[in-house]
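First the structure, in the form of structure tokens, and then the observations on it.
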Amino acid sequence: MIYRKFREKKLSGLGLGMMRLPVVDGDDASIDMARTAEIIDYAYQNGINYFDTAWGYHNGNSELAAGQCLSAYPRESYYLASKFPGYDNSNMPKVKEIFEEQLKKCRTPYFDFYLFHNVYEGNIDDYLNPKFGIFEYLMEQKKNGRIRHLGFSAHGSIEVIRRFLDAYGEQMEFGQLQLNYMDWHFQKAKEKAELLQKSGVPIWVMEPLRGGKLAKADEHMTKELSAMRPEETVPAWAFRFLQTIPGVTMVLSGMSDMEQLKENIAIWQEDKPLSKEEFDRLTELADEETRKGGLPCTSCHYCTSHCPQKLPIPELIALYNEHKITGGGFLAPMAVGSMPEKERPANCVGCHSCEQVCPQQIKISDMMRDFSSMIGM
């Protein structure tokens, strides 16, 4: 196992994310504890020493599973991470209550790593609002040794992340981003990573395989990757990509079965970063894939000047592309849900004024209707 230095600690390059544990009969709330214990034990025995859970994973049961399984090992022999669930704004006044319950669920007197969970447009104001005292309370727990290292995760825009760092950046010891070669340009992961690098914040990675979607590739892409590195599997390319990016310290993967776990651990036995040529070609192939499924918006904003509803059309097209290309998920509904109601796709009146000035000849009205139907907004 490759290890990365973080302050005085030596962290396994690959961490076990506990959002996608094996379940019973497809019920996300019903964790298969026997199989989970086997996965955690194999990970632990084969060099993984970082385990990441959260309040909301598996309908609140992931932390219980972490506490039950990890209590079999000496507490100082592994690192445990959890998060304050600010993705749900109703939790903002409950930071003390939730934190105390998390310690009990995880059967631990402290968290090695603790995060502001999912900083994005819909909760940034509350995270920064002093009336909730979230930052102050977590800093107090750090002072008391109940949090060893404090950081954040973010699915928000670069502007939101910058705003969070402007407020709390001096105290943030790490930042967790959705980072993979598909999102390098598609979700502006490159710019987000550069922001953390410039801020001196080590990068933690979530969704390295985009929920398993990057574990496979089409015939054309597979052929090109094999020509460059015949010995590498398709999933290995995703991890080698991350081994290439400066500042990446921890890569989290949710491994729900033993086959995935063994394959990923085997990949992480060595560092094999990509050459510039390999890196550039991989991101080019990813961009080709996203263009196949997305609308060719260039964000010229001609449309917005002609929209009687003043809708943020380029932003909505980008979110529509995200939702279509990735087969759904929570990112687009979350982002649209954080917008004012008057800016959501359901408010399109189908007048086609925007389409008359669109250089790409995008059928924007059809897109708005389709998007609204998909996400219910």
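One is the number of the first residue; the rest follow in order along the sequence.
- Using a 4.0 Å cut-off between charged side-chain N and carboxylate O, Asp183 and Lys192 make no salt bridge.
- Taking 4.0 Å as the cut-off between side-chain N and carboxylate O, Glu194 and Lys190 count as a salt-bridged pair.
- No salt bridge links Glu207 with Arg210; every basic N to acidic carboxylate O contact stays at or beyond 4.0 Å.
- Classification of the His117-Tyr87 ring pair by plane angle, with boundaries at 30° and 60°, yields perpendicular.
- Tyr79 is linked by a ring pair (Phe, Tyr, Trp, His ring centres under 6.0 Å) to nothing, counting only residues two or more places apart in sequence or in another chain.
- In this structure, a donor-acceptor pair under 3.5 Å is absent between the side chains of Asn347 and Gln309.
- Here Met19 is tied into one hydrophobic group with Tyr57, each link being a pair of ILVMFWY side chains closer than 4.5 Å.
- Note on Lys143 versus Glu140: no salt bridge recorded, every NZ/NE/NH1/NH2 to OD/OE distance being 4.0 Å or above.
- With sequence neighbours left out, Tyr114 forms a ring pair (Phe, Tyr, Trp, His ring centres under 6.0 Å) with Phe99, Phe111.
- More than 12 non-hydrogen atoms from other residues, nucleotides or ligands lie less than 6.0 angstrom from CD of Glu231.
- The aromatic ring centroids of Phe152 and Tyr127 lie 6.0 Å or more from each other.
- By the 30° and 60° cut-offs, the orientation of the rings of Tyr78 relative to Tyr73 is perpendicular.
- Side-chain rings of Phe113 and Phe6 approach one another, their centers coming within less than 6.0 Å.
- Using a 4.0 Å cut-off between charged side-chain N and carboxylate O, Arg163 and Glu121 make no salt bridge.
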